[in-house]
Amino acid sequence: MNLKHLAIGVVCSLGSIPVVGLLLQQLAEAAPNDIFFGWDFYIEVVVTGLLQGVMYALVALGFVLIFKASAIFNFAQGAMVLFAALAMVGFIEMGLHWTLAFLLAAVVMIIVAILIERVVLRPMVNQEPIILFMATIGIFFVLDGLGQTIWGSNVKALDIGISQTPWFVLQGEFFPGGLRLIPTEVVAAVVGALTVTLLAVLFQYTKVGRALRAVADDHQAALSVGIPLKFIWAIVWSVAGIVGLVAGVMWGTSLGVQFSLSLIALKALPVLILGGFTSIPGAIVGGLIVGVGEQVGEVFIGPLFGGAIQDWFAYMLAMIFLLFRPQGLFGERIIERV
Amino acid sequence: MGDANGLDTFPKLMRHNAKVRGARPAMREKDLGIWQTWTWSQAQDEVKAFAMGLAALGVKRGDKVLIVGDNRPRLYWTVTAAQVIGAVPVPLYQDSVAREMAYVVEHASAAIAVVEDQEQVDKLLEIREEVPALQTIVYQDPRGLRNYTQDCLHDYAKVLESGRRALSEEPAGYDREVDRGRGNNDSIVLYTSGTTGKPKGVVLTFDNVISMARAGSEFEKLTEGEEVLAYLPMAWIGDHVFSFSQSYVTGFCVSCPENGSTVLHDLHELGPTYFFAPPRIFENLLTSVMIRMQDASHFKQKWFHYFLDVAKQVGEKILNGEKVSTADRIKYRLGTFFVYGPLKNVLGLTRCRLAYTAGEAIGPEIFQFYRSLGVNMKQLYGSTEASVFITVQPNGEIRADTVGRAIPGVELKLADNGEVMFRSPGVFKEYFKNPEATAETKTPDGWVRTGDAGMITPEGHLRIIDRAKDVGKLNDGSLFAPKFVENKLKFYPNIREAVTFGNGKDYVAAFVCIDQEAMGSWAERNNVAYASYQELAAHPRVRKIVEGHIREVNADLTKDPQLAALQIRRFLILHKDLDADDGELTRTRKVRRRTIAERYEPLIAALYNGSKIGHIETKVTFEDGREGVLAADLAIADLGGGTPAKQAA
Amino acid sequence: MFYREAGQFKTSYAADQAIYPIRQDKIGILILFGFSLLAIPFIAPIYWLNSILIPFLIFSLAALGLNILTGYCGQLSLGTGGFMACGAFFSYKLATAMPDTNILIVFLLAGLGTALVGVLFGLPSLRIKGFYLAVATLAAQFFLIWMFNKFSWWTNHSPSGVISAPPRAVFGDIDVTSASASPEAKYVFLLLLVSFLALIAKNMVRSRIGRSWMAIRDMDIAAEIIGIRPMLAKLSAFAVSSFFIGVSGALWAFTYSGSVEALAFEINRSFEVLFMIIIGGLGAIMGSFLGAAFIVLLPIALDTIPLLLGLPLSVETVAHLRLIIFGALIIFFLIVEPHGLARLWQIGKEKLRLWPFPY
Amino acid sequence: MNDISSQIPAEAAGTRQPERRFGEPLLTVENISLSFGGLQALTDISFDILEQEIRAIIGPNGAGKTSMLNVINGFYHPQKGTITYKGNIRRTMRPHMAAAQGIARTFQNVALFKGMSTLDNIMTGRLLKMHNLRAPETGVFGLDQVLRWGAGALDFVTQCLYWGPNEKEETRQRAYCEEIVDFLEIQAIRKTPVGRLPYGLQKRVELARALAMEPELLLLDEPMAGMNVEEKEDMSRFILDVNEEFGTTVALIEHDMGVVMDISDRVVVLDYGRKLADGRPDEVRSDRGVIDAYLGVAH
């Protein structure tokens, strides 16, 4: 958890906003008759993107945690998000208060994590990464099927008391109509920030966190100093599960809890490429960049392609990015040794 | 003697083969990953060129040409090439040390040696001072010899080259040389590694070798389609006849393995149809089969042994063409599919239609095992002096304990002391430069003493019981053949060595050494704890097992009135293995009877004075070279035995 | 058990390097091929041909393609669906634009076009490896599907976005495409085509190009030091792989479904094919076929079993249960035999060769 | 062309020289400096390797020996200094270009292709020598390039069909590889997957793969690491044989001083990325600085 990196990332992503804005200004001027954008509109787009980005980052965070600790590319992260959200909705439907339901869902996720470690990971220690990756796809199917078998496959609303009516803030000269903000997204951003901070503290200052970092650095070495690898894995998967729960709640409140939630994991992948598979700040910054990039791209570049480019825009962005920095924004530089 | 077609020498046979089957394979060698093949006409070209090359090096008629190396086509061709120009090839065991080589080189007064590689070159260079007669060394594989500057060294390829040049200058030279050969010329000198004294060079003429090779081939109806693996030393008569002479006579192809470490693999690949191996190799193969099967699943083992039992009951009968019930026939068919076929496949014996074993007695269990699988395995009795063939078991008359009938052309008789004597067209000309030994072995009327004691069974088969000089008499006057009994005991895997006594005694008694590996694994399976060989050997249950084996041998011996007196009356299990390091065995694991008689004198006495316990102190040499004294009290088991003796009487 | 190898020695390198150096294998494969070609079309029910054998052959081809890239060259790709779509739409456009061209040439051109696209999306592999590359290939997946969905030019402006394969004949007048073709003809056509392509794949992997792929897979640094140009090796793998996948996509559209839309080649299709090669066996031609058979048959088996047991389950529950069992089976399989069915096959063969000895 | 014996220079055969004679410098490195970020791996290194000699590079762990080899075969790019190979000053170089110029290499930790058999590994070493088809040289500008592409495409087709020129070429190269198998005495394992081989044999297979490239300069990175005495003797013999039979120039890194003293003609000693000494084994052995820095530590 390198503060310098974090700072660079934040500055970069914030710095990109005016640049993007400027570009868009140019664009707008080039075609003044077709569309006209005001500054407020750009900012609104960017802010929406940033908030969306936090949500991506939350999902990506789960990936990074697991990849860091066990070099497993956990494709089931999306399914864990859905499963957690379904569990929480399930508890709420049983009449529990959402906070209690959240806690219970967290417990469920811990149980799931332990089960995964026991049933899947432990017998597959020392397998090749691609095999483990395939196994997580297996987990993806199981969780998907299980969640829907238990709780049904209808779209469910998740209400944790956040209003869906947009807020309009900063009304004034700059934003004639006020800056339009969706409360859920704001809350998500705040929660996301909190989660990251919490994780940072956890990693930095607790014994488990230190062990975790040791494992991430070198499995063998960690084992040789007596760090219980299996326990660490269970912890990491639990944390990833809880992070997934948070993401699930956030996504669920805005989109409703439904099957497509498990596919938002796919959205988190370019975030990972941008940020690097092993960097938590990378996940955050990457998320922000993808969120903003996607919104901006959709609004300004989309029309050139006939719209609806979110599907692939983030990937293209990430791929172009990779050509210049193969290890991602914050990934460790790969020095090949022979 | 000669031949109707005038094919009385190997060069002539080669020319004949190149003419009538020039495009058929003559030799193969597993080299560079595949079986490189030479047809008869290609082989003849090589021989032609090399013969001329040898002549160019100054080799003359009657010269001896030393040949040293593994089985390689070029070395086989060297044999023929030397014969072309009337020189006499002298193959040597490739693993002999320089000192042993020096004797032969000196004795044969060989001026030229054709060798395989650097290893052999080094040995010959080492002894060059001692044997100045050796003027020329031709090597086949130039690897590592780049910086050898001795003038006597010649690359095979260069010799071949000069031969080709000579041929192009005088194309008729080859035929002229070949035509000069006569059937009564010396064809080869084979040095036998005698157990005592210096090796003797057995001189065989073309007539000797070719007539016997032909007789053997006709007896077994060998064709040009046989596949043979040449893996036994070229200096041994068996290899010379099976993988050289018979190939020339019938035109079949001979294949050389890649190297010593790949023989089994090459055997599996080649799948010979005509195969020879000493009993030791068949035994090792069988042991490895049984060991590998122990790792198989329980079910598979049951399955395997069930069908082996079926084979034991009916396999030989089917092979011998006897009557077998349809049910058994079906069972055997199934067994062939599930077990025997695959087993023969992994052993490389799938296509084998004739397997010879000779040299030593083969265990009946081993013999029957292979025969029951459908491998037509036969025992053969022969010697260098006979150009191999003396007796062979004819099809349908296969017994584990005889070596068959004299093959056509061979006469057989027993001397008064039981020694086997024979007379045949294959009888050797002489021992090279050793008329005394020749006279000792060969009577003026052409009979040859084999040195083996034997009997003729009522059906006319020869049975070898021991070396003639080891055969003695019990006090009641009956023949005592120690090795015959010992071999019967040693066929049990649990028994590693056995020494029997009886010459000048009232009855036969025995020392037995258990096989640590076999008994050890028995002990492990049966939870018998032991700390040392000595402890295991002294274990009562071990003694019971050995006793059981001896009783079986005794029961077997009673069946034959000629042998009933050989039953073992008393025995003990030695507390240590007989060891070559202690001088109790020769390096080839032959029992040194005198040493044992001296060292274990108190025990022998105990065997004959009725004691229950024998006490012994022996000197032993430990692995680090220290010597120590091992003391032990050994229990003596008494099997009684008045009854069977009476039965015999 | 069936092997009698003794005596099958090789006297030339050509014989030693044959695809099936053992006679029994050769006979076995000829019998299998003969049976598939001459017997199955007559004895297999239409249902079998349509819903099992035809998709099996098409998936085998796709798996073969992905196996070349992932199994032999070590480049993980999740863009299979996208490349299949390329093949499907390219061939549709070509076939409708040039109705008189032989369908085989159309497939060939569509394959070549897909190969080109594959090379384009393979470019990042020169800089990145492993999962980074896998994610990058998702770009191809999403972009391509989006493109075929978005622009109606690809579907000849069909309002539904669905393309319907026009009937095309081979060997004179045997119709092998579109819904009107007889399943038997389609099957035989596919069998011949896929076998031929599999033979080509086998030839490639035992030639120089295949060895350069495997070298890159096993140790790229050592490969480069031996003189292999990583760019050439990787891009050729992308090209060849995409060609195979493209042809399989074309076959999917033309022979299997007859009419297809871009969504048929969604990301799930990519995973499906990836599963095939993992379960079948990475780096094994045979594995592609075994894996395809497994993945094609598994859902059918899963659907049939509750029916057979007479369990009164709703369609939805069955679908969910199927997901669970499918996922669990995959995990189970990966734990038990991570090297796939091809390895099992190979072990079985070794066992038979060593029989009666244990392996 | 592909017969090993034709690789042997004619003058090498014949009388054994008491003093081995070497040719011109095959490779000269001058003032090489290499750093990674702040880490200085090599500082101002200069030495040369003469044709046909066995040159050892020794030094304690972290002395920069492997980095030196990496520079020579183009894996690392030094910030300063020049490398002259066969009389030409080398510019930017990728490892595969070095391979094309006749530099082969083995690695400290065996870098075999684990998924392939011994024979396939060696065959892979022949990749640069394999040509199913060769485009004719016309000398016409532009046409040659077109012809080369055409030949490349045809070559690809022959590989797909495993037919004609491809089968012939595979067979030809297989024969060459078998010569190497024979030379290094690994016949018994030719079809074994290399992953199943014991370490010592793996090292031998790696040497075989390097030899398959018909290198002029063979770089060996600790060829005897982790071997027992017997295996070391075998390996030393093979290295000497290679040097003698094929006239291959060898540069090797080795820790076993006995081996180095036995088989090398000249030794260069590195320590902390700097050159400490350079000369014949006996000279180096008695060098004060070397004893202090290296041998002294070992005692």
Side-chain angles (χ1 to χ4, degrees), chain A residues 67 73 75-76 119-120 123-124 127-150 152-153 263 266 269-270 272-273 276-277 305-320 322-328 331 334 336-338, chain C residues 70 74 76 78 82 121 123-124 126-147 149-151 219-222 225 267-268 271 274-275 277-279 282 316-317 319-336 338-340:
Chain A
F67 194 84
F73 188 84
F75 194 78
V119 180
V120 184
M124 299 186 81
Q127 284 297 355
E128 305 213 0
I130 186 174
I131 305 290
L132 286 161
F133 165 63
M134 296 307 292
T136 64
I137 301 184
I139 299 174
F140 174 93
F141 284 124
V142 173
L143 285 182
D144 246 14
L146 197 63
Q148 295 182 68
T149 313
I150 301 175
S153 43
L263 293 178
L266 294 173
L269 296 179
L272 288 175
I273 295 198
F277 281 16
F305 290 94
I309 61 170
Q310 297 115 314
D311 276 353
W312 54 270
F313 185 76
Y315 283 97
M316 286 297 183
L317 197 69
M319 222 169 82
I320 292 162
L322 271 179
L323 293 180
F324 299 99
R325 219 183 135 75
Q327 70 275 26
I334 311 151
E336 284 183 286
R337 302 230 355 126
V338 271
Chain C
T70 305
L76 185 53
L78 298 175
F121 282 98
L123 284 172
L126 305 182
R127 296 288 313 254
I128 54 175
K129 295 173 184 175
F131 292 116
Y132 282 91
L133 179 64
V135 173
T137 56
L138 278 175
Q141 171 73 42
F142 292 118
F143 176 78
L144 290 169
I145 299 301
W146 168 84
M147 181 177 78
N149 224 358
K150 189 78 202 170
F151 300 106
M219 191 151 290
D220 51 355
I221 295 167
I225 276 167
I267 176 95
N268 279 340
F271 283 126
L274 189 58
F275 272 134
I277 63 166
I278 300 268
I279 287 186
L282 288 172
E316 204 176 44
T317 322
H320 295 156
L321 280 177
R322 200 172 97 177
L323 271 182
I324 298 176
I325 296 171
F326 187 75
L329 264 177
I330 299 250
I331 293 169
F332 171 77
F333 214 92
L334 292 174
I335 291 172
V336 176
H339 298 288

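Chain identifiers are assigned alphabetically (A, B, ...) following the order of the sequence lines, protein sequences preceding nucleic acid strands; residue numbering begins at 1 within each chain.
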Identify which part of [X] has an atom lying under 4.5 Å from any heavy atom of chain C, answering side chain, backbone, both or neither.
X       : answer
Q148(A) : both
M124(A) : side chain
I139(A) : both
A318(A) : neither
F67(A)  : side chain

Worksheet item: Quick one: are F73(A) and V135(C) in side-chain contact, heavy atoms under 4.5 Å?
Response: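 In contact.
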Worksheet item: Do I131(A) and M134(A) come within less than 4.5 Å of each other through their side chains, counting heavy atoms only?
Response: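 Heavy-atom side-chain distance check fails, nothing below 4.5 Å.
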[X] portion near chain A, given a 4.5 angstrom heavy-atom threshold:
X       : value
L76(C)  : side chain
L133(C) : neither
I267(C) : side chain
L274(C) : both
F333(C) : neither
I278(C) : side chain

Worksheet item: So, for F271(C) and F75(A), is the gap between ring centers shorter than 6.0 Å?
Response: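 They qualify: ring centres under 6.0 Å apart.
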Discussion item. Tell me which one of W312(A), Y315(A), F313(A) satisfies ring-ring contact (aromatic ring centres under 6.0 Å, His included) with W146(C).
Written reply: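 Only one option passes, and that is W312(A).
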